[in-house]
Enquirer: 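Just passing along the structure, written as structure tokens.
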Amino acid sequence: MTYWKHASAVVDDGAQIGENTKVWHFSHVCPGARIGADCSLGQGVFVGNDVSIGRNVKIQNNVSVYDAVTLEDDVFCGPSMVFTNVYNPRSAVPRKNEYRHTLVRRGATLGANCTIVCGATLGEYAFVGAGAVVKGDVPAHALMVGVPARQIGWMSRHGEKLDLPVSGQGRATCPGSGEVYELNGQALRLVSLPEPQA
């Protein structure tokens, strides 16, 4: 076993877990789960069968990653945030064949207690604020807050808010990394990296 798990955690036979991943207290990983290297699953985390988790993903306490959810590399899931996989659940109506897939792209952050309604794709390095409710797709680098979530700005790869409007034209430098970003309409792109230190 190349990963570590706490004695109270349950990892079912068949689960694929990458090197140096840690599975903490009272967590449960189902047999079909695929989890990359260098991840951390906090206390009370549940990972379903039809779940794919990339490398260096941090899942904080009390998060359930249900079937039909994919988390790419470097995703952060804050404490007690919520995924769903059925849009209109009823206890008496079976809907396992109606799961809607949720995709969280590389580097995205999902803040504490936020909810991601199933069927959404969250772009690379998107940032969902604490308590927000996301009901649809989120652009790469978008900063989303509120209920329902709305975009209020843009975030760098470093996790810093950029001095740019939600839409229009402009350039901004990340105060944490020195990376330069360019806004064109409603799309943000990285245009240059900081000069290496001598």
Side-chain angles (χ1 to χ4, degrees), residues 1-85 99-118 120-134 138 140-145 149 155-161 174 176-177 179 190:
M1 185 169 69
T2 59
Y3 66 92
W4 178 89
K5 78 176 185 72
H6 188 267
S8 65
V10 175
V11 176
D12 292 334
D13 290 343
Q16 300 174 33
I17 302 181
E19 196 170 6
N20 298 322
T21 286
K22 293 178 173 57
V23 182
W24 290 96
H25 307 66
F26 312 114
S27 292
H28 180 196
V29 180
C30 290
R34 300 169 310 284
I35 301 171
D38 302 313
C39 294
S40 176
L41 278 61
Q43 179 175 301
V45 168
F46 170 80
V47 180
N49 276 301
D50 182 22
V51 169
S52 176
I53 297 173
R55 185 184 186 95
N56 194 40
V57 172
K58 304 295 189 289
I59 303 176
Q60 302 299 298
N61 295 353
N62 305 315
V63 174
S64 292
V65 187
Y66 295 118
D67 286 354
V69 173
T70 297
L71 308 178
E72 293 187 345
D73 296 350
D74 302 321
V75 166
F76 179 89
C77 296
S80 301
M81 62 80 45
V82 176
F83 291 105
T84 66
N85 58 13
Y99 286 168
R100 295 187 183 186
H101 290 271
T102 297
L103 173 60
V104 183
R105 295 282 190 189
R106 179 188 182 110
T109 291
L110 310 178
N113 287 300
C114 75
T115 298
I116 310 300
V117 177
C118 56
T121 295
L122 284 70
E124 290 187 348
Y125 303 103
F127 198 105
V128 177
V133 177
V134 173
V138 173
H141 294 277
L143 172 59
M144 309 291 291
V145 300
M155 298 290 277
S156 73
R157 297 192 306 177
H158 198 70
E160 300 284 349
K161 190 172 187 293
C174 170
S177 68
E179 295 173 342
L190 175 67

Enquirer: Could you note down all residue pairs passing side-chain hydrogen bond (donor to acceptor under 3.5 Å, both in side chains) where residues 62-72 supplies at least one of them, sequence neighbours left out?
Expert: Glu72-Arg105
Enquirer: Report yes if some heavy atom in the side chain of Lys161 is under 4.5 Å from a heavy atom in the side chain of Met155; otherwise report no.
Expert: yes
Enquirer: What heavy-atom pair brings Val65 and Val51 nearest, and what distance separates the two atoms?
Expert: O-CG2, 3.4 Å
Enquirer: How far does CG of Asn85 sit from CD1 of Ile116, to the nearest 0.5 angstrom?
Expert: 13.5 Å
Enquirer: What pair of heavy atoms forms the shortest contact from Cys114 to Gly129, and how long is it?
Expert: CB-O, 3.7 Å
Enquirer: Please check if the side chain of Thr84 supplies one atom and the backbone of Cys118 the other of a donor-acceptor pair under 3.5 Å.
Expert: yes
Enquirer: Roughly how far apart are Asp13 CG and Cys30 SG, rounded to 0.5 Å?
Expert: 12.5 Å
Enquirer: Does Val45 form a side-chain contact (heavy atoms from CB on, under 4.5 Å) with Val47? I'd like the steps, not just the answer.
Expert: CA-CA 7 Å; Val45 168; Val47 180; 4.0 Å; yes
Enquirer: Working to the nearest 0.5 angstrom, can you tell me the gap between Leu71 CG and Leu103 CG?
Expert: 8.5 Å
Enquirer: Between Gln16 and Ile35, is the side-chain contact (heavy atoms from CB on, under 4.5 Å) condition met? List the steps.
Expert: CA-CA 6 Å; Gln16 300 174 33; Ile35 301 171; over 6 Å; no
Enquirer: Find the distance between NE2 (His141) and CD (Glu124) and round it off to the nearest 0.5 Å.
Expert: 7.0 Å
Enquirer: If I compare all heavy atoms of Gly54 with all of Asp73, which pair ends up nearest, and what's the gap?
Expert: CA-OD1, 3.4 Å
Enquirer: The criterion is side chain to side chain contact (heavy atoms under 4.5 Å, CB included); which residues satisfy it with Phe76, sequence neighbours excluded?
Expert: Lys58, Gln60, Thr109
Enquirer: Among side-chain atoms of His6 and Ser8, is any donor-acceptor pair under 3.5 angstrom?
Expert: yes
Enquirer: Evaluate the side-chain proximity of Glu19 to Tyr3: yes if any heavy-atom separation is below 4.5 Å, no if none is.
Expert: no
Enquirer: I need the full list of side-chain hydrogen bond (donor to acceptor under 3.5 Å, both in side chains) pairs touching residues 39-55, with sequence neighbours left out, sorted by first then second residue.
Expert: Asp38-Arg55
Enquirer: Determine whether Ile53 and Cys39 make a side-chain contact, defined as any pair of heavy atoms from C-beta on separated by less than 4.5 Å.
Expert: yes
Enquirer: Below 4.5 Å, heavy atoms only, C-beta onward: do Leu110 and Phe83 meet side chain to side chain?
Expert: yes
Enquirer: Please name the pair of heavy atoms, one in Glu160 and one in Gly176, separated by the smallest distance, quoted to 0.1 Å.
Expert: CG-N, 3.9 Å
Enquirer: Side chain of Thr21, backbone of Gly36: donor and acceptor closer than 3.5 Å?
Expert: yes
Enquirer: Show your reasoning for whether side-chain contact (heavy atoms from CB on, under 4.5 Å) applies to Thr115 and Val134.
Expert: CA-CA 6 Å; Thr115 298; Val134 173; over 6 Å; no
Enquirer: On a heavy-atom basis, which atom in Ala132 and which in Ala149 lie closest, and how many Å separate them?
Expert: CB-CB, 4.2 Å
Enquirer: Hey, does Val29 have a side-chain heavy atom less than 4.5 Å from the side chain of Val10?
Expert: no
Enquirer: Would you indicate whether the side-chain heavy atoms of Val57 and Asp74 approach each other to under 4.5 Å?
Expert: no
Enquirer: Heavy atoms only: give me the nearest Gly123-Ala108 pair and the separation to one decimal.
Expert: O-CB, 3.9 Å
Enquirer: Roughly how far, to the nearest 0.5 Å, is NE2 of His101 from OH of Tyr99?
Expert: 10.5 Å
Enquirer: Measure the spacing between CZ of Phe26 and CG of Leu41 and express it to the nearest 0.5 Å.
Expert: 15.0 Å
Enquirer: Do the side-chain N and O atoms of His28 and Asp12 include a donor-acceptor pair separated by under 3.5 angstrom?
Expert: yes
